[in-house]
**Student:** 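For reference, the structure I am asking about is given below.
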Amino acid sequence: MLNKQEILSLESLLQKGQVFTDVASLLSYELDAGVDRGMPDGVVLPHTAQDVARIVRWAGDHHVPLVGRGAGTGLSGGAVAEHGGLIVEFSRMNRVLDVDVYGRSAVVEPGLINLRLDEQVRAHGLYFPPDPASQRASTIGGNVSENSGGPHCFKYGVMTNYVTGMQVVLADGRVVQVGGRALDYPEYDFCGVLTGSEGMLALMTAINARLVRNPPGIQTMLAVFDSVEQAGIATSAVIAAGLIPATMEMMDQKIINIVEAWLHSGLLTEAAAMLIIEVDGYPESLDKQIEEVASILRSNGGHDLRVAASEEERNQIWLARKSAAGAIARLAPAHYTVDITVPRSRLTETLLEVNEICERYNLPVGHVFHAGDGNLHPLILIPDAQDEEYMQRVRDAGRETVEVAVRKDGSLSGEHGVGIEKRAFMSLMFNETELSAMLDIKHIFDPHNLFNPGKIFPSPSTGDGVRKSPETNVSAKPGKSEINYAPTTTEEAAQTLVACANAGQRVRRARGCAAYFSVASVINPSVP
Ligand SMILES: Cc1cc2nc3c(=O)[nH]c(=O)nc-3n(C[C@H](O)[C@H](O)[C@H](O)COP(=O)(O)OP(=O)(O)OC[C@H]3O[C@@H](n4cnc5c(N)ncnc54)[C@H](O)[C@@H]3O)c2cc1C
């Protein structure tokens, strides 16, 4: 926890309202969209790269860990301050700084929401293809840090294919530009190293994004299948034929029904599985492209093929696809999203094995994923995240699923990153030598382990120069030092939070509780 002196010295570097240390504010930074937790000691909201440089120097001097944060939609705990320290949240650095229409590039701040960039450049006839399903909320900084993908990455490639440069603040507070607007610079490929580095090497303060021409025509088609496995076979067949539609997304019946009950988008609820296939290019080419794909789908069990008749219908289909995770919240307060990638020829056998694992652990699972990339996302419903026995089954099933992917020459993470969630699995894919080579890079960029300590690498460590938080694992089960408490009004909850903050006590929010009932337990580290 930061002492009064430290808070004052940090505040003196910034303007009023840029630093928060009160428990009520910190609570909402305790987790991202995944299942791991950690309470930060403070949150800072920089306005400029110079603010970030001041924060980094201050943190270095005081040995306080720094955790970059975009929108907190990450699913692997990357933006969670599990060792305490400061969250550096980029929501106030959210501008498009420049769009070069002729050169087809943009310079943006890291806190810009992904969809805002795409909307702005479309007005110039341009297109920013990486479109994670979270694009209505997630930021470009978070997307670059996780090297995010999305439905259109099947044809267009993932984030790393659209980042040509970035301005970053290094661990000693230097502000440097790596890469730039051109596609190649005579330097090491720092930009490549930093993309996907999950906030562990530097903090990004601006990003050079590559744009492409807005496709002149698009057609979107739905195809129905009698089993998930059949849809997997059809996907592999399209790929084997060398066709590259813009998207190949799959939803199974469970997800179709959950989404349809909420959005009423006209999806066929009897369908065991559905593929969303989009083709783009010159308008004259679209019918031909669709027909080529359709004939492969039909000969592999696809039926009830339907092409969206209007832009509105197309938008409705994509809204349905990208709202799956939100719709699930109507059924269960939480879910665990598995993220694995396998070679696309092995999609069907993997789906079968994942279903078998979830059945064995008696876990309800739905599938919605980037089939064209071989990137599976089994969504396991969590009715009660406090049910430790259930959560252990979720973790065990998650691990077995990862093992399946690795055995099939796939990857333990397709796009959500390693963070806290998958670090224990890294040694399934990388040997000691490979891991230590990766760790060498971390040490060069960040010798005192200031940025996002403990993430990605299998043995969590708070690092040499970084102060250890007295209570590093706030996700621990309630111990005897924990007092359960349920306030009955908003005012009572607020007063309790203030009292706890003043007494230096930590507060842990119980999951699954609504509104003001969410403050359910008070942890008092001083109680023996
Ligand atoms: C419903 C839903 C759907 C999703 N769909 C997809 C999908 O289709 N594809 C996909 O790839 N992911 C998906 N995700 C995961 C998530 O949205 C992505 O990982 C996204 O890129 C995270 O962006 P964010 O702004 O929320 O970052 P955060 O979660 O805030 O942070 C993610 C990581 O980036 C680091 N970071 C953030 N900003 C900076 C910065 N300026 N400098 C240095 N490090 C920084 C953080 O430290 C952390 O390690 C989905 C998540 C949800 C909840």
Side-chain angles (χ1 to χ4, degrees), residues 29 31-36 38 40 46 49 52 55-56 65-82 85-94 108-115 130-154 158-160 166-171 194-207 247 249 318 321-329 334-337 339 341 368-370 373 375 377 379 413-421 445-446 451-456:
Y29 292 91
L31 64 169
D32 58 7
V35 291
D36 296 293
V52 178
I55 293 162
V56 169
L66 292 177
V67 180
R69 187 171 175 112
T73 68
L75 287 162
S76 53
V80 172
E82 68 169 341
L86 282 182
I87 296 244
V88 185
E89 203 233 49
F90 285 91
S91 59
R92 294 188 187 171
M93 292 180 67
N94 62 354
V108 305
E109 290 183 318
L112 179 72
I113 288 175
N114 176 303
L115 191 61
D131 61 339
S134 59
Q135 71 176 152
R136 278 176 284 164
S138 65
T139 65
I140 299 293
N143 297 166
V144 176
S145 300
E146 298 288 0
N147 191 18
S148 289
H152 289 83
C153 296
F154 173 53
V158 295
M159 204 66 202
T160 192
M166 57 180 86
Q167 184 191 58
V168 293
V169 178
L170 300 174
L194 290 161
T195 304
S197 64
E198 302 193 18
M200 289 184 69
L201 303 182
L203 290 176
M204 281 169 239
T205 46
I207 290 138
T247 71
E249 295 284 293
W318 282 115
R321 161 60 184 92
K322 293 186 178 181
S323 300
I328 283 177
H335 63 269
Y336 176 62
T337 312
D339 168 40
T341 299
V368 49
F369 61 99
H370 314 308
D373 296 323
N375 183 197
H377 291 321
L379 299 187
S413 166
E415 54 182 15
H416 296 167
V418 177
I420 300 172
E421 181 217 353
F445 272 89
D446 184 17
F451 295 133
N452 230 346
K455 307 282 169 69
I456 295 187

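Both ligands and their constituent atoms are indexed starting at 1 by order of listing. Quick note: residue numbers are just sequence positions, from 1.
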**Student:** Looking only at heavy atoms of L75, does any of them come nearer than 4.0 Å to an atom of ligand 1?
**Tutor:**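 Flag set, L75 near ligand 1.
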
**Student:** Looking only at the side chains, is there a donor atom on one of H416 and E146 sitting less than 3.5 Å from an acceptor on the other?
**Tutor:**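 There is no such pair between these side chains.
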
**Student:** Parallel, tilted or perpendicular, judged at 30° and 60°: which one describes the rings of H152 and W318?
**Tutor:**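 The arrangement is tilted - the two ring planes meet at 30° to 60°.
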
**Student:** Less than 3.5 Å apart, any donor N or O on the side chain of N147 or T160 sitting next to an acceptor on the other?
**Tutor:**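 Checked: N147/T160 side chains show no N/O donor-acceptor pair below 3.5 Å.
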
**Student:** What part of S148, side chain, backbone, both or neither, has a heavy atom within less than 4.0 angstrom of ligand 1?
**Tutor:**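 Both the backbone and the side chain of S148 come within reach of ligand 1.
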
**Student:** With atom 35 (C) of ligand 1 as the reference point, say which of S145, S76, G149 has the nearest heavy atom.
**Tutor:**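 When every heavy atom of S145, S76, G149 is considered, S145 comes closest to atom 35 (C) of ligand 1.
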
**Student:** For the pair E89 and R69, find out whether any cationic side-chain nitrogen is under 4.0 Å from an anionic carboxylate oxygen.
**Tutor:**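 Looking at E89 and R69, the cut-off is not met.
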
**Student:** Side chains of S145 and E198: any donor to acceptor distance under 3.5 Å?
**Tutor:**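 No donor-acceptor contact under 3.5 Å links the two side chains.
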
**Student:** Checking the N or O distance criterion of under 3.5 Å, is ligand 1 in contact with H370?
**Tutor:**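 Yes, H370 has an N/O under 3.5 Å of an N/O on ligand 1.
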
**Student:** Tell me the protein heavy atom at minimum distance from atom 8 (O) of ligand 1, and give that distance in Å.
**Tutor:**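 Looking only at protein heavy atoms, the one closest to atom 8 (O) of ligand 1 is A133 N, 2.8 Å.
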
**Student:** Does only the side chain of A325 get under 4.0 Å from ligand 1, or the backbone, or both, or neither? Count heavy atoms.
**Tutor:**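 The side chain, only.
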
**Student:** Can you tell me if D131 and N114 form a side-chain donor-acceptor pair at under 3.5 Å?
**Tutor:**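 Per modelled atom types, D131 and N114 side chains form no pair under 3.5 Å.
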
**Student:** Tell me whether ligand 1 is touched by A202 - counting only heavy atoms on the residue side and a distance under 4.0 Å.
**Tutor:**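 Heavy atoms of A202 do come under 4.0 Å of ligand 1.
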
**Student:** Considering only heavy atoms, which of G68, S413, G419, S138 lies nearest to atom 23 (O) of ligand 1?
**Tutor:**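 The option holding the nearest heavy atom is S138.
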
**Student:** Nearest heavy atom to atom 14 (N) of ligand 1: which of P130, P151, S134, A79 does it belong to?
**Tutor:**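 Checking each option, the heavy atom nearest atom 14 (N) of ligand 1 is found in S134.
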
**Student:** Check M200 against ligand 1 and report side chain, backbone, both or neither, counting heavy atoms closer than 4.0 Å.
**Tutor:**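 Contact part for M200 vs ligand 1: neither.
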
